[in-house]
Amino acid sequence: MMNDQELITMEINIGGEPIQVTVPFRNQELTRNVEEEINNMFSRWRHSFPERSEKGLLAMIAYRYASYYAELKQTHMEALHKAEECLSLAAKAPDAG
């Protein structure tokens, strides 16, 4: 029986390129969903930008996902700072009981 944290190697296909990725066992479905989402975007953008090479399309997709990640990271950091601020205020507040 595999542990959810145990790493496995999967082969996925991105834009016609097979690649191997190593992911925790529990992330197999997530990995397949990401593969499908990227390939759907690749297909849509291939029709929307017929003058772009496959390499150019993959670069555009890489930028899109990197920008999503950067936005999420920034939002996470802002929430973390706000939570720390709230905890600090709560620690300084006199007991209500």
Side-chain angles (χ1 to χ4, degrees):
M1 181 95 174
M2 278 203 162
N3 176 331
D4 275 354
Q5 297 293 340
E6 191 171 339
L7 297 178
I8 62 167
T9 300
M10 297 176 63
E11 185 171 299
I12 62 173
N13 185 303
I14 301 293
E17 285 292 320
I19 59 172
Q20 288 192 346
V21 295
T22 302
V23 298
F25 180 76
R26 72 171 191 270
N27 286 1
Q28 292 178 80
E29 186 176 346
L30 174 68
T31 301
R32 292 288 179 211
N33 290 340
V34 169
E35 174 189 31
E36 182 179 5
E37 184 65 30
I38 291 172
N39 284 320
N40 287 341
M41 184 181 288
F42 183 80
S43 179
R44 286 192 315 270
W45 285 8
R46 188 179 327 165
H47 290 97
S48 297
F49 304 101
E51 71 285 356
R52 293 276 186 181
S53 67
E54 288 186 357
K55 185 176 175 181
L57 291 172
L58 290 172
M60 291 167 58
I61 291 168
Y63 173 79
R64 171 64 59 96
Y65 276 90
S67 67
Y68 288 158
Y69 175 77
E71 288 177 34
L72 286 172
K73 188 173 157 185
Q74 180 179 358
T75 300
H76 179 268
M77 291 307 294
E78 289 169 0
L80 180 63
H81 291 307
K82 187 57 86 176
E84 288 171 346
E85 189 179 301
C86 289
L87 288 172
S88 177
L89 289 172
K92 293 177 186 176
D95 281 346

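Nothing fancy with the numbering, it's 1 onward along the sequence. Predicted, not measured: the structure shown is a model, and the values here were computed from it.
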Engineer: Does R52 have more than 12 heavy atoms from other residues, nucleotides or ligands lying within 6.0 Å of its CZ?
Structural biologist: no
Engineer: Does the side chain of I19 reach to within under 4.5 Å of the side chain of E11, using non-hydrogen atoms?
Structural biologist: no
Engineer: Let me confirm one number: the NZ-CG distance from K73 to L80, rounded to the nearest 0.5 Å.
Structural biologist: 13.0 Å
Engineer: Are side-chain heavy atoms of H81 and M77 found at a separation under 4.5 Å?
Structural biologist: yes
Engineer: Looking at G15 and E54, what are the two nearest heavy atoms and their distance?
Structural biologist: O-OE1, 4.1 Å
Engineer: Check whether N13 reaches the backbone of G16 with its side chain - one donor and one acceptor, N or O, closer than 3.5 Å.
Structural biologist: yes
Engineer: Around atom CD of E78, are there more than 12 heavy atoms of other residues, nucleotides or ligands at under 6.0 Å?
Structural biologist: yes
Engineer: Quick check for you: to the nearest 0.5 Å, what is the distance between I12 atom CD1 and Q28 atom CD?
Structural biologist: 12.5 Å
Engineer: Checking S88 side chain against E84 main chain: does a donor-acceptor pair fall under 3.5 Å?
Structural biologist: no
Engineer: Working to the nearest 0.5 Å, report the span between CZ of F49 and CD of E51.
Structural biologist: 7.5 Å
Engineer: Report yes if some heavy atom in the side chain of V21 is under 4.5 Å from a heavy atom in the side chain of T31; otherwise report no.
Structural biologist: yes
Engineer: Can you tell me how far the CE atom of M41 sits from the CD1 atom of I38, to the nearest 0.5 Å?
Structural biologist: 8.0 Å
Engineer: If you look only at distance, which donor and acceptor atoms sit under 3.5 Å apart when one is on a side chain in residues 58-67 and the other is two or more places apart or in another chain?
Structural biologist:
{"unit_1": "R64", "atom_1": "NH1", "unit_2": "Y68", "atom_2": "OH", "d": "3.3"}
{"unit_1": "S67", "atom_1": "OG", "unit_2": "Y63", "atom_2": "O", "d": "3.3"}
{"unit_1": "S67", "atom_1": "OG", "unit_2": "R64", "atom_2": "O", "d": "2.8"}

Engineer: Look up atom CZ in F42 and atom CG in L57, then write down how far apart they are to the nearest 0.5 Å.
Structural biologist: 5.5 Å
Engineer: Looking at CZ of F25 and CG of L7, how far apart are the two atoms once the value is rounded to the nearest 0.5 Å?
Structural biologist: 12.0 Å
Engineer: Is there a donor-acceptor pair under 3.5 Å between the side chain of N39 and the backbone N or O of E35?
Structural biologist: yes
